[in-house]
Amino acid sequence: MFEDLAAHKRSPEKRVFVNRNLRLEKIKFFGFDMDYTLAIYKSPEFESMAFDLIVKRLVFMGYPTELESWSYNPVFPVRGLWFDNEYGNLLKVDSFGSILQGSHGFNFLSQNEIEDFYPNKFVQLGSNKIYVLNTLFNLPETYLIACLVDYFDQNTAYTKTGDKTGVKNGDVIMSYKSIFQDVRAAVDHVHINGGMKQIVLDNLSKYVEKDERIVPLLRQLRENGRKTFLLTNSDYYYTNGIMKYLIGDDWPNHFDISVVDAQKPRFFAEGTVFREVNTETGALKIGIHAGPLRTGAVYSGGSCDSFRHLIKARGKDVLYIGDHIFGDVLRSKKTRGWRTFLVVPELNRELTVWTQRKPLFEKLSELDAQMADLYRNLDGTTRDKPEISNIVTAIREVTRNMDQEYGVLGSLFRSGARTSFFASQVERYADIYASSCYNLVHYPVFYFFRAPMMLMPHESTVDHASIMHRQQHRLSHQDSIVDQVRGFGKNMVKSQTFCQEEDEEDTPSSSNSDTDGTDSARERTEKEHSNGYHQNGSGERDGRHNSDVVVENQAFVERGD
């Protein structure tokens with residue numbers, strides 16, 4: 001029976017995956033980011049171009065000219081790594097901050113080396129020295145950071161400092177933190193003044209994917225009574241060039257509202273001045289726009305509060321679709337209650353490995369079964385320890401082979417059997433996710449995205465056919481109390497909705513207002529998690545304590561999403 005159900009699933013590359021139930025028929029506003037959402041940049045062409053520009057800027061800043069011989073290698077970097085700018089280490093961590101994998105330059109850190117750097121193999125996101133390389137825009141600098149750390153460590157003119165925080169040559173110290181700061185400055189320059197955007201606009205077919213599903217998707221939504229809006233951090237000049245390529249000169253008419261220079265995640269907090277853009281000149285009209293929004297017009301800046309009042313939408317009326325785990329998904333979810341759709345372009349590659357390398361995953365399950373068999377019939381009285389070293393070694397080898405199928409630094413979502421910090425962010429803040437926003441074309445606008453049941457270990461490892469042997473306890477044992485529950489519930493008010501989540505969605509607010517600005521008890525306990533990011537040029541944040549001053553970086557405005 002269950003085999004038959006699998007036939008009804010769409011092909012993996014067209015699917016939308018579900019973390020929390022979402023009924024599209026309840027969504028009134030569909031919002032879209034632009035960079036890496038509507039506009040997917042071709043990889044590795046785009047990253048290679050950005051890498052070359054950053055290297056040229058570093059050489060201009062005084063770095064050796066031999067750096068210009070370097071070229072970007074897409075096999076190495078993966079999104080979601082943490083960079084420790086004190087010791088120069090790239091780290092893959094899980095949701096708790098436990099280190100799954102680490103590299104110093106191009107040298108993988110052994111378990112003992114990780115323990116020396118980080119007691120208990122643990123690192124805190126709130127530490128000032130941690131920077132989260134969370135976006136696709138970070139891939140070139142991730143590889144460049146590894147290149148530079150390796151270059152200075154291997155350079156015979158330099159020796160490592162005693163505290164392992166850098167290298168020195170006479171009176172000159174190159175700390176890993178200063179190298180990182182130089183790379184960040186070069187990245188910001190490239191995105192603001194380095195001509196990267198103009199290069200893209202001059203070579204659109206080389207760097208931007210043109211998906212023919214964009215117009216059908218927007219038309220499908222609007223023909224079914226939904227409102228659509230564009231909300232991007234990119235400026236009007238760049239946005240106009242990209243959207244003309246994707247849709248045509250009349251691209252603003254395909255959205256009910258278009259907002260550029262949004263400055264997310266600031267848009268979801270205090271925001272900026274909301275102004276209309278003169279689409280003929282690209283200049284901003286003076287004064288704050290407070291009147292009705294016009295279809296075909298383009299606006300700049302603003303805040304979620306003003307935006308909400310102008311479109312008259314509650315948070316749960318909006319599904320926002322973007323690629324940025326922090327700027328698009330986390331902030332819109334936590335502070336505004338928007339429903340969220342995360343675009344993960346790497347997902348198709350991840351699924352390809354998952355489906356084509358099935359024997360590796362089966363081998364890992366086989367080794368787990370072999371280990372379990374060695375412990376069979378052993379209990380607390382057993383004194384002879386079984387020999388498992390060969391199996392443990394084999395598990396490590398299979399796990400390493402699995403990781404290498406994804407790339408040098410492994411999968412975006414996991415390391416072996418353990419999920420990454422990025423994966424935990426996706427599960428926590430994205431209601432749904434897919435490799436492309438255009439996958440929505442393959443679903444009707446009334447579709448019910450139903451989340452699969454998430455099993456805990458005691459559920460996933462105990463078969464339904466297992467027999468429970470009763471044991472004597474002080475509390476009486478009952479196999480099932482369904483009859484008692486039914487009897488108890490006779491006098492209870494019964495909900496007519498399908499499930500508990502929908503009860504929450506359908507509950508009207510007493511003030512008929514959005515949930516903006518009101519944190520639930522759970523969200524208040526999570527503030528440290530989200531505030532442990534320091535805002536940077538790409539609109540993401542790395543780890544800093546709440547007391548740190550967040551300085552607005554102009555690159556954050558210009559670099560897009």
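Because the structure is predicted, anything quoted here is derived from the model rather than measured.
- Residues meeting the side-chain hydrogen bond (donor to acceptor under 3.5 Å, both in side chains) test with E66, sequence neighbours left out: Y151.
- D52 and K56 are not joined by a salt bridge, as no carboxylate oxygen comes within less than 4.0 angstrom of a charged side-chain nitrogen.
- Geometric assessment of K164 against the ring of F117 yields a positive cation-pi assignment under the 6.0 Å and 45° thresholds.
- Side-chain contact between E427 and S95: absent, with no pair of heavy atoms (C-beta onward) separated by less than 4.5 Å.
- E45 pairs by the side-chain hydrogen bond (donor to acceptor under 3.5 Å, both in side chains) definition with nothing, not counting sequence neighbours.
- Cation-pi geometry between R10 and Y443 is met: the NZ or CZ atom falls under 6.0 Å from the ring centre, inside 45° of the normal.
- A heavy-atom distance below 4.5 Å is not found between the side chains of F32 and V343.
- Aromatic pair Y176/F83: centroids not less than 6.0 angstrom apart.
- Using cut-offs of 30° and 60° on the angle between ring planes, the pair F361 and W354 is tilted.
- Here the straight-line distance linking atom NZ of K14 with atom OG of S435 works out to 11.5 Å at 0.5 Å rounding.
- Within the 4.5 Å cutoff, no side-chain heavy atoms of F51 are placed close to those of L139.
- With ring centers used as reference points, Y238 lies 6.0 Å or more from H191.
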